[in-house]
Amino acid sequence: TTTDAGGGLRTPIVAVLGHVDHGKTSLLDKVRGSAVTSGEAGAITQHIGATAVPLATISDIAGRLVDPDDFDLPGLLFIDTPGHHSFSTLRSRGGALADIAVLVVDVNDGFQPQTLEAIDILKRTQTPFIVAANKVDTTPGWNPQPDTPIQQSLEAQSDRAEQTLNEKLYEIIGELSDNDFSADMYWRVQNFRGNIGVVPVSAETGEGVPDLLAVLMGLSQRYMKEEMSIDTTGPGAGTVLEVKEERGFGTTLDVVLYDGSIRTDDTVVVGAKNDPIVTEVRALLQPQPLAEIRTEKRFEKVDEVSAAAGVKIAAPDLDDALAGAPVRVVRDRSEAEVIEEVREELAEIEVDTAEN
Ligand code: GDP
């Protein structure tokens, strides 16, 4: 990691996982929705396959829970495709692509098979995570307090409702403990390295969403600052989310870039079915901003993208590229060296998937 010319702090990459129907999609939608209505200029940026929520917007949503002066990380980048399947195949240099994860657990349903699978993957990849104990609004007698921090919302609940919810929350804490994680309500956790913070939330009412963002931001700032220090102008490194046919562009790659930058005309090496592909970037594409959606052009061309970001790469010869495979910018290095790097990393991923 270098911090010279292009030294900077990148956005941590956040993945959302958990059992089907526990509310992953709803929670992501709620975060996006809160950001859009937060009133902050440039509240969110829609990337290819990801949503960037800047610090100013997080602070606006989280209110007194996030003082922007306490942070120098630029915000959070949420991967839009939830689910542990995509999570487990998305790697960066042997680790998980996501720097941090939100494990969503329905308070009524508790741990389910896919919750356990997700936990196994988080353990194996040593990904720090928090638990979003979702659907608190379904507690009998719940008095909804839209978009408020959870402790404030709890004060507005009857003793009976609060007690009912607490029982469910402690069941989740118990289940985490059965899986070798010591856990507690997030506001009681001092050391997030050794303990899992549980954040009660509702993706329906937005209660606890301020807390969720505050905890993700706080954890990243406290424990990940070093990993986030990158050379934002160095040769880019990323992971393929999807290989997609796109009218007018042929086969394209949706990529999450986690290091350096990528530019139009860069030579890139991409992991593929057989030998790695070596090709030249024709265009870098981002979603068209909402205001301009009527132009019917879905994408806008950009000259350069810096980590962390989601971007679509249009280039020749991408047909054999693999989802989950590494993408590397060559730039000032030797092509052979980069090809070897990609080959080795791909071999590691394949060994790993074979084990499952
Ligand atoms: P996913 O499969 O994990 O992505 O789950 P979804 O986001 O699709 O949610 C599954 C169902 O639960 C949908 O009908 C949602 O409307 C509902 N749901 C999700 N979160 C909440 C919540 O916080 N409260 C309530 N009442 N319903 C929720």
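We count ligands from 1, going down the list as the structure has it; atoms in each ligand are counted the same way. No experiment lies behind these values; they were computed from the predicted model shown.
Listed by chain and residue number, the protein contacts of ligand 1 are His19, Val20, Asp21, His22, Gly23, Lys24, Thr25, Ser26, Asn134, Lys135, Asp137, Thr138, Ser202, Ala203, Glu204 (heavy atom within 4.0 angstrom).
A side-chain N or O of His22 and one of Asp109 form a donor-acceptor pair less than 3.5 Å apart.
Asp180 has its side chain within reach of Lys123: a pair of non-hydrogen atoms, C-beta onward, lies under 4.5 Å apart. You'll find the side chain of Pro12 stays beyond 4.5 Å of the side chain of Tyr223, heavy atoms only.
The only option from Thr138, Asn134, Thr139 that meets the side-chain hydrogen bond (donor to acceptor under 3.5 Å, both in side chains) definition with Asn108 turns out to be Thr138. Checking Thr252, Val281, Leu285 one by one against Ile313, the side chain to side chain contact (heavy atoms under 4.5 Å, CB included) holds for a single residue, Val281.
When atom types are taken as modelled, the side chain of Arg10 and the backbone of Tyr258 share a donor-acceptor pair closer than 3.5 angstrom.
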